[in-house]
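The block underneath contains the structure these notes are about, expressed in structure tokens.
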Amino acid sequence: MPKLIKPEMISLKNHQTIKESIIQSLIAEDPSILHLGEVLLKDKERIQSRAGRLDLLLQDQYSNQRYEVEIQLGKTDESHIIRAIEYWDLERKRYPQYEHTAVIIAEDITSRFFNVISLFNQAVPIIAIQMSAFKVGEDIALTFSTILDVQPLGLVEEDEAIAEITDRNYWINQGSEATVGMANEMLGLISRVQQGLELKYTKFYIGLSDDGTANNFVIFRPRKKHLNVEIRLPFSKEIQDKIDNAGIDDIGYQKRWGNYRLRLEKGDIAKHEGILAELVALAQQNSR
């Protein structure tokens, strides 16, 4: 039988040889220890204009999600939180094509600062990770525990009560006759898996209505020359591979909204009918 032991918890901040740079290098070598999914190191000590250096920039392998990571030994404090948010803001403004999330790592996130981060999390996507160190013989074991995750955004239909209702002509002006027609073409695919659905025109998107009740497992945003389609599904590598292999123009998965975003041009619906039908069928099943 293996011997069960109680490891000795230690403080990295007070350790004689362990420095923040060592923890930074450890995470850079294997970002999976943070449990953020399948992420890769994009940059380390990333220079920010007039704002210092971002500890680590990580990117999801299969989506357009990026993580701005700030590490602090010991307790988190005001400057740590402000720095993390500032770097997040600079990166999202510089690269708006990506979804950005600030990640705060510290040994001790007190209840006071946990509450502060929670308040910010309603407007800024923040993940708080507590890092713990244990002495095991001559070695040190590290664990990383997420104590605050990104606040999920409300579903599209939850905003239906206050959504401003428009009509087909509104979206023809926003997009074009052709791209609004593509939304109708997509509705034909959707009707194969659920009959009775209609397009519902609101100010910000074209959704789906089932006898007057919103059921937005797919929504549309017509543009002048293409149609943006958002399909609500949990992310999976299998689905992402199917989209990539089909050659569909993929705008990127939105983790916070939980949807795949595709850009379709004239002829794409017929060209990719099989995979599109499969995706909407999966989304419809997931919406039950």
Side-chain angles (χ1 to χ4, degrees), residues 60 62-65 96-99 153-160 163 165-210 213-288:
D60 191 281
Y62 304 108
S63 71
N64 65 340
Q65 178 69 53
Q97 69 270 35
Y98 295 98
E99 295 290 320
L153 297 177
L155 300 177
V156 171
E157 56 264 29
E158 292 175 355
D159 199 38
E160 288 290 286
I165 304 302
T166 57
D167 56 19
R168 181 182 174 87
N169 287 332
Y170 171 87
W171 277 104
I172 289 175
N173 290 330
Q174 293 293 315
S176 67
E177 184 81 48
T179 56
V180 173
M182 290 171 66
N184 281 100
E185 194 176 347
M186 282 295 299
L187 180 62
L189 286 182
I190 295 169
S191 296
R192 297 179 190 177
V193 297
Q194 183 172 341
Q195 296 183 349
L197 294 175
E198 298 178 343
L199 296 180
K200 184 173 183 179
Y201 302 94
T202 74
K203 186 174 181 180
F204 300 107
Y205 58 85
I206 301 176
L208 298 174
S209 175
D210 183 4
T213 301
N215 189 7
N216 295 315
F217 57 89
V218 182
I219 65 172
F220 310 101
R221 302 182 198 272
R223 301 295 186 250
K224 295 299 182 183
K225 294 185 178 180
H226 63 265
L227 175 70
N228 287 345
V229 180
E230 299 176 14
I231 303 175
R232 189 199 305 157
L233 275 172
F235 179 84
S236 80
K237 184 177 183 301
E238 181 182 359
I239 292 175
Q240 186 64 56
D241 286 345
K242 287 183 178 181
I243 292 172
D244 294 340
N245 292 335
I248 300 176
D249 190 357
D250 179 14
I251 308 175
Y253 187 80
Q254 285 185 309
K255 183 177 179 181
R256 207 172 186 200
W257 286 103
N259 60 38
Y260 287 90
R261 297 183 300 163
L262 309 177
R263 182 186 288 115
L264 302 179
E265 297 184 354
K266 183 179 179 181
D268 280 348
I269 297 176
K271 180 180 178 181
H272 302 295
E273 180 179 352
I275 180 64
L276 291 173
E278 181 180 353
L279 292 175
V280 299
L282 289 172
Q284 191 270 343
Q285 293 171 14
N286 188 65
S287 70
R288 294 175 182 174

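Any value given below was found using the heavy atoms of this structure, including those in side chains, with hydrogens, waters and symmetry copies removed.
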All heavy atoms of I219 vs all of G207, minimum pair found to be CG2-CA, 4.2 Å

Check your understanding: Side-chain contact, heavy-atom cut-off 4.5 Å: I190 with Q284?
Key -> no

Closest non-hydrogen atoms of I269 and M182, given as atom of the first, atom of the second and distance, are CD1-O, 3.4 Å

Legend entry - Candidate pair L264 and I248, rule side-chain contact (heavy atoms from CB on, under 4.5 Å), full reasoning: CA-CA 8 Å; L264 302 179; I248 300 176; 4.0 Å; yes

Counting C-beta onward and ignoring hydrogens, is there a side-chain heavy-atom pair between L276 and V229 closer than 4.5 Å?
no

Show the numbers, then the answer: is there a side-chain contact (heavy atoms from CB on, under 4.5 Å) between H226 and D249?
-> CA-CA 11 Å; H226 63 265; D249 190 357; over 6 Å; no

Indicate yes or no for a side-chain donor-acceptor contact from D210 to the backbone of T213 under 3.5 Å, with no hydrogens or angles considered. no

The reported gap from CG in N228 to CD1 in I206 (rounded to nearest 0.5 angstrom) is 11.0 Å

- Message: Between Q65 and Y253, does the side-chain contact (heavy atoms from CB on, under 4.5 Å) criterion hold? Intermediate values first, please.
- Response: CA-CA 8 Å; Q65 178 69 53; Y253 187 80; over 6 Å; no

d(S209 OG, L197 CG) to nearest 0.5 Å is 8.0 Å

Smallest heavy-atom separation, N286 atom then P234 atom, equals ND2-CD, 3.7 Å

Original post:
Just checking, is any N or O donor in the side chain of N216 or E230 under 3.5 Å from an acceptor N or O on the other one?
Top reply: no

For Q285, is the CD atom crowded, meaning more than 12 foreign heavy atoms sit under 6.0 Å from it? yes

Apply the test side-chain contact (heavy atoms from CB on, under 4.5 Å) to residues L208 and Q194: give CA-CA distance (whole Å), side-chain angles for both, the deciding distance (0.1 Å), then the verdict. CA-CA 11 Å; L208 298 174; Q194 183 172 341; over 6 Å; no

Of all heavy-atom pairs linking I172 and E177, the shortest is CD1-OE1, 3.4 Å

Item checked: Parallel, tilted or perpendicular: ring planes of Y260 versus F235, cut at 30 and 60 degrees -> parallel

Output for pair (R223 CZ, Q174 CD), nearest 0.5 Å, gives 8.0 Å

Note: L279 and L233 closest approach over all heavy atoms is O-CD1, 3.8 Å

Rounded to the nearest 0.5 Å, the CD1 atom of I239 sits from the CD1 atom of I231 at a distance of 9.5 Å

Correct closest heavy-atom pair for A246 and H272 would be O-CE1, 3.0 Å

- Within the side chain of W171, is there an N or O that forms a donor-acceptor pair under 3.5 Å with the backbone of T202? yes

Can you tell me if Q195 has over 12 outside heavy atoms packed within less than 6.0 Å of its CD? no

Distance col, row T179:OG1 vs N184:CG, nearest 0.5 angstrom, shows 10.5 Å

Interatomic distance, NZ@K200 vs CZ@F220, rounded to 0.5 Å, equals 15.0 Å

